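Read the structure below first, then the notes.
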Amino acid sequence: MAVWSVLALLRENPEELKRHVARRLMDPSIVDLAYSLDVEWRRLQTEINELRHKHNLITRSVAKASSGEERRLLLEEAKSLLKVIEEREARLAEVEAKRAEVLNSLPNLVDDDVPVGDESASVPIEFWGIPKVWVGYLEQFRDQVERYGFNVKYELIDWKPRGHADMLEEVLRLGDTVKAGEVAGSRFYYIFDDLVWLDFALLLYAIDKLTSKGYTLVLPPYMLRYRVMSGVVDLGAFKDAIYKVEGEDLYLIATSEHSLAALYYGEEIYDDELPIKLAGISPCFRKEAGAGSRDLKGIFRVHQFHKVEQFVFSKPEESRRIHEEIISNAKEMFQELGLPYRIVNIASGDLGAPAAKKYDLEVWMPAQGKYREMVSASNCTDWQSYRLGIRMIRRKGMTREYVHTLNSTAIASTRTITAILENYQEPDGTVVIPKILRKYLEPFEKAPKEYIKPRTPTRNMNKRE
RNA sequence: GCCGGGGUGGCCGAGCGGCCUAAGGCGACGGGCUUGAGACCCGUUGCCCCAUUAGGGGCGCGCGGGUUCGAAUCCCGCCCCCGGCGCCA
């Protein structure tokens, strides 16, 4: 009754499924393999069912056997039948394992709205705000806007803003990635005082926003078992993103999305309980193994950060609407934070296996002269729920199908801080604190309120007063 | 971590090698009765395979193995819950 949409298409129209896979720039021959394994799996299952049926009939008659001789013959027959069943079952187990592996490597279907191609095919569909554009970046700014047929108002500035990494270590002197590198490795960081306050203020702001919209606040497990983790991420993520705890069947979450998706692991949800909207808060741990030397400086791309995440379980027919809703929530927050952004409809080749459609929210970074990803909002349809065994029961008719899951960043702390350091920077290096955050800093005596001021160099980085 | 008790269908709860084809109850869903609801009566109520009109079959008692012709029932490993001890923020 409940059939995973990808499996349904595999059986009904494998050629169409191939086109979906091809749109992701993956090898569609995996579909042929999945198809033949599925057919073979079903054939074997039918065969074994028939053999078992025979065996069951014999077994039931043993107890009623009228004579010792009849009983002996029945036992003999049952035993020989068992041998055949055993052999077939071994074969089934083999095929079944292979089939599961191949099915699990199938990506989600691609939504019709998704532009087809590699990452260069991703299209900005909306711009907001008035970016500060340094004269030296004017040309490349225009290219990032006009190429897509947009006309965006900007504020031209004649001084070049310092990059967030320089702000951190040289201007504000509130971060130390050198020492962190020495004691933990590259992509780790220490941040201090005002930036820590800012980190928490951002999280509080996101929590405040989402809970006021009816999202349930969740502090989830930071580690999950393999079988759960493999339901929420694709195989590539294990290699490039996920840390494992040595000697335990536990993996550190790369986002609270993983734990939130797992909240209904193996459960059924009645349709009248949906949608279930969650706001998760957690640290996120990422290996960033596939990142090479990209964004090595500063705290844009790091092994650990805090994030408030939106996660929704929805009825299938509502997931597209909710996808728009969660990206809108993110837009609202970045508008209130006063960070100029664009929304990008991510191309099929860059989606990631779980997502049928994905929007990124990218903030203009004045010191880099580029829009950079701050938020990623995905509609995973039934890809995760199939793997996690999370189904929906429709009251009307009591029919079962897989729920849809959606996720979106609300605020990722360190990354948003980098955007603030560049966008709220003044020529003398002062950073203005976005007004919306001030009420979250107000209760704390030592928290900054309006500005973060540059600090004069001291001989010893460890003495920060 | 150690000792003891326990995990049965959506929920409660019987069963402790073969009439378990998992009793009984509650709930839910469908139908009957009713102007409507309730009460009442009947049916359905997990997963998979084949056939899809009716149906046929297999599997399923925390998870995974094992013993047996036959396992919810016996054995082993793991997970989780409750109580006690220990340890700890």
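Every chain is numbered from 1 and lettered A, B, ... according to where its sequence line falls, protein lines coming before strand lines. The figures here come from the full heavy-atom set of this structure, side chains too, leaving out hydrogens, waters and symmetry mates. Because the structure is predicted, anything quoted here is derived from the model rather than measured.
- Under the 6.0 Å distance and 45° angle rule, A/Arg395 counts as a cation-pi partner of A/Tyr270.
- Remark: A/Arg400 is not in phosphate contact with B/C48, judged by side-chain N or O atoms under 4.0 Å from OP1 or OP2.
- When all heavy atoms of A/Leu361 and A/Val363 are compared, the closest pair comes out as CD2-CG2, 3.8 Å.
- Checking side-chain atoms of A/Asp111 against main-chain N and O of A/Val114 turns up no donor-acceptor pair under 3.5 Å.
- Taking a pair to require two hydrogen-bonding distances under 3.5 Å in either a Watson-Crick or a G-U wobble arrangement, B/C16 remains unpaired.
- A/Lys396 places its NZ atom 10 Å from the C1' atom of B/G30, with the value rounded to the nearest Å.
- Spacing of C1' atoms, B/G43 relative to B/C33, comes out at 15 Å, to the nearest Å.
- Separating the CG atom of A/Asp272 from the C1' atom of B/A28 is a distance of 11 Å, rounded to the nearest angstrom.
- Using the Watson-Crick or G-U wobble rule with both distances under 3.5 Å, B/U45 pairs with B/G27.
- Backbone-only engagement by A/Leu82 is indicated by non-hydrogen atom pairs under 4.0 Å involving sugar-phosphate atoms exclusively.
- B/C69 atom P lies 18 Å from atom CG of A/Leu51, rounded to whole Å.
- Comparing the same atom, P, in B/G10 and in B/C47 gives a spacing of 9 Å after rounding to whole Å.
- The 5' end of RNA chain B is approached more closely, in terms of each residue's nearest nucleotide, by A/Trp41 than by the other of A/Ile58 and A/Trp41.
- Whole-Å rounding puts the A/Glu86 CD to B/G66 P distance at 9 Å.
- Between A/Asn49 and B/C48, a side-chain N or O to OP1/OP2 separation shorter than 4.0 Å is absent.
- A/Thr59 comes within 4.0 angstrom of a base, heavy atoms only.
- At the phosphate of B/C80, OP1 or OP2 sits under 4.0 Å from a side-chain N or O atom of A/Arg225.
- Side-chain proximity of A/Arg11 to the nucleotides B/C49, B/G10, B/G70 is greatest for B/C49.
- Atom CE of A/Met392 is separated from atom P of B/G10 by 17 Å (rounded to the nearest Å).
- Judged by the 6.0 Å and 45° rule, A/Lys453 forms a cation-pi pair with A/Tyr451.
- Scanning both residues, A/Pro275 and A/Val312, for their nearest heavy atoms gives CB-CG1, 3.9 Å.
- Spacing of C1' atoms, B/G24 relative to B/G66, comes out at 33 Å, to the nearest Å.
- The nearest heavy atom of RNA chain B to A/Asp38 and to A/Lys54 marks one nucleotide each, and the one closer to the 5' end goes with A/Asp38.
- Residue A/Asp176 comes nearest to A/Val178 through the heavy atom pair OD1-N, 3.0 Å, listed as atom of the first residue, atom of the second, then distance.
- Separation of the C1' atoms belonging to B/G4 and B/G9 is 29 Å when rounded to the nearest angstrom.
- Across all strands shown, B/G55 forms a Watson-Crick or G-U wobble pair with B/C50, both key distances being under 3.5 Å.
- When both distances must be under 3.5 Å, the Watson-Crick or G-U wobble mate of B/C40 is B/G32.
- Checking B/G70 for Watson-Crick or G-U wobble geometry (two distances, each under 3.5 Å) identifies no partner in any strand.
- Distance A/His53 NE2 to B/C48 C1': 17 Å, rounded to the nearest Å.
- A/Arg387 forms a cation-pi arrangement with A/Trp383, by the criterion of a distance under 6.0 Å to the ring centre and an angle within 45° of the ring axis.
- Summarising the base pairing, B/C85 is matched to B/G1 through a Watson-Crick or G-U wobble pair whose two defining distances lie under 3.5 Å.
- Taking atom CD of A/Glu40 as the reference point, atom P of B/C50 lies 13 Å away to the nearest angstrom.
- Residue A/Arg99 is out of contact with every strand shown, counting any heavy-atom pair closer than 4.0 Å.
- One C1' atom belongs to B/C29, the other to B/C79, and the distance between them is 34 Å to the nearest Å.
- Of the P atoms belonging to B/G13 and B/C19, the separation is 25 Å, rounded to the nearest Å.
- Here A/Arg394 lies out of heavy-atom contact (under 4.0 Å) with every strand.
- As rounded to whole Å, 8 Å separates atom C1' of B/C47 from atom CZ of A/Arg391.
- Applying the Watson-Crick and G-U wobble criteria (two distances, each under 3.5 Å), B/G60 pairs with nothing in any strand.
- Between A/Arg42 and B/C48 there is no side-chain polar atom (N or O) within less than 4.0 angstrom of OP1 or OP2.
- Only the P atoms considered, B/G62 is 29 Å distant from B/G56, to the nearest whole Å.
- Comparing the C1' positions of B/U73 and B/A22 gives a spacing of 12 Å, expressed to the nearest Å.
- Cation-pi geometry between A/Arg415 and A/Phe300 is satisfied (NZ or CZ under 6.0 Å from the ring centre, within 45° of the ring normal).
- Closest to the side chain of A/Arg395, out of B/A28, B/C49, B/G58, is B/A28.
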